[in-house]
A.B. asks: 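Quick one: the structure is below, and I'll ask about it shortly.
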Amino acid sequence: MLLHLLNRSPQSTAVYRDLGEAFGVNDQLLLIEDACYAALPAASGVLEAFGGRISVLEEDLVSRGLAGRVSPAITVVDMKGFLALTETHERCVSWF
């Protein structure tokens, strides 16, 4: 059970592909920094491999003017939610 942290924009298709291949059935994806653009409905195609186990960091959405524009299939978490995700997963893997 891994928490994958991704900070690359959806234009970095190779990273999303590689992450999709490494993503396990009990894993969770957290979009941070520029990866929060993938949480927009127009970019939802790059997230299909993650089976709805996707969250995005609220602070990064706000800093980019994207708050309230996230796909309904993605959970928005604040820093406390980020901490909770790290506590409930065995390890964190960063994709930078």
A.B. asks: Rounded to the nearest 0.5 Å, how far apart are OG of S12 and CG of L19?
C.D. replies: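 Nearest 0.5 Å value for the OG-CG distance: 12.0 Å.
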A.B. asks: Should V46 and V76 be regarded as members of a common hydrophobic cluster, given that ILVMFWY residues are connected when their side-chain heavy atoms come within less than 4.5 Å of each other, either directly or indirectly?
C.D. replies: yes
A.B. asks: State, to 0.1 Å, how close D78 and E58 come at their nearest heavy-atom pair, and which atoms those are.
C.D. replies: CB-OE1, 3.5 Å
A.B. asks: Would you mind reporting whether L47 and Y16 have side-chain heavy atoms less than 4.5 Å apart?
C.D. replies: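 Counting from C-beta outward, Y16 and L47 do come under 4.5 Å.
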A.B. asks: Consider only side-chain heavy atoms of I, L, V, M, F, W and Y, link residues closer than 4.5 Å, and tell whether V70 and F50 are in one cluster.
C.D. replies: yes
A.B. asks: The test is side-chain contact (heavy atoms from CB on, under 4.5 Å); show your working for R17 and T13 and say whether it passes.
C.D. replies: CA-CA 6 Å; R17 183 192 64 241; T13 55; 5.6 Å; no
A.B. asks: Is it possible for you to say whether V15 and L3 belong to one hydrophobic cluster, with membership spreading through side-chain heavy-atom contacts below 4.5 Å?
C.D. replies: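 Hydrophobic grouping puts V15 apart from L3.
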A.B. asks: With rounding to the nearest 0.5 Å, note down the distance linking OH in Y37 to CG in L61.
C.D. replies: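 Spacing of OH (Y37) from CG (L61) equals 9.5 Å.
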A.B. asks: For W95, run the side chain to side chain contact (heavy atoms under 4.5 Å, CB included) check against N7, I32, L6 and tell me which one passes.
C.D. replies: L6
A.B. asks: Which atom names give the shortest non-hydrogen contact between V56 and C36, and what distance separates them?
C.D. replies: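 Result for this residue pair: CG2-CB, 3.5 Å.
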A.B. asks: With rounding to the nearest 0.5 Å, note down the distance linking OG1 in T75 to CG in L29.
C.D. replies: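 If we round to the nearest 0.5 Å, T75:OG1 and L29:CG are 11.0 Å apart.
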A.B. asks: Should the pair H4 and F23 be assigned to parallel (<30°), tilted (30 to 60°) or perpendicular (>60°) ring geometry?
C.D. replies: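 Ring orientation of H4 relative to F23: tilted.
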A.B. asks: Sort and list the pairs that fulfil ring-ring contact (aromatic ring centres under 6.0 Å, His included) and have at least one residue in residues 57-85, not counting sequence neighbours.
C.D. replies: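 Matches after skipping sequence neighbours: none remain.
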A.B. asks: When clusters are formed by joining ILVMFWY residues with side-chain heavy atoms under 4.5 Å apart, either directly or through shared neighbours, do L66 and L30 land in the same one?
C.D. replies: no
A.B. asks: Strictly distance-based, threshold 3.5 Å: is any side-chain N or O of D60 a donor or acceptor partner for the main-chain N or O of E33?
C.D. replies: yes
A.B. asks: Quick one: closest heavy-atom pair of R64 and D34, and the distance?
C.D. replies: NE-OD1, 3.1 Å
A.B. asks: Would you indicate whether E21, at its atom CD, is surrounded by more than 12 heavy atoms from other residues, nucleotides or ligands within a distance under 6.0 Å?
C.D. replies: yes
A.B. asks: Starting from the C-alpha separation in whole Å, work towards a yes-or-no answer on side-chain contact (heavy atoms from CB on, under 4.5 Å) for V62 and E59.
C.D. replies: CA-CA 5 Å; V62 170; E59 286 80 355; 5.8 Å; no
A.B. asks: Between D27 and A22, which heavy-atom pair has the shortest distance, and what is it?
C.D. replies: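 Here D27 and A22 meet closest at OD2-O, 4.0 Å.
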A.B. asks: Identify the heavy atoms of L57 and M79 that sit nearest to each other, and give their distance.
C.D. replies: CD1-SD, 3.8 Å
A.B. asks: If you take all heavy atoms of L40 and R69, which pair is closest and at what distance?
C.D. replies: CD2-O, 3.5 Å
A.B. asks: Any side-chain heavy atom of L85 within less than 4.5 Å of one from S55?
C.D. replies: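 Heavy-atom side-chain distance check passes, below 4.5 Å.
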A.B. asks: By side-chain hydrogen bond (donor to acceptor under 3.5 Å, both in side chains), which residues pair with D18, not counting sequence neighbours?
C.D. replies: none
A.B. asks: Let me check something: do V93 and I54 share a hydrophobic cluster, defined by ILVMFWY side-chain heavy atoms less than 4.5 Å apart, either directly or through other members?
C.D. replies: yes
A.B. asks: Among all residues two or more places apart in sequence or in another chain, which pass the side-chain contact (heavy atoms from CB on, under 4.5 Å) test with T88?
C.D. replies: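 side-chain contact (heavy atoms from CB on, under 4.5 Å) list for T88, sorted by chain: empty.
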A.B. asks: How long is the span from the CE atom in M1 to the NE2 atom in H89, to the nearest 0.5 Å?
C.D. replies: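 Nearest 0.5 Å value for the CE-NE2 distance: 4.0 Å.
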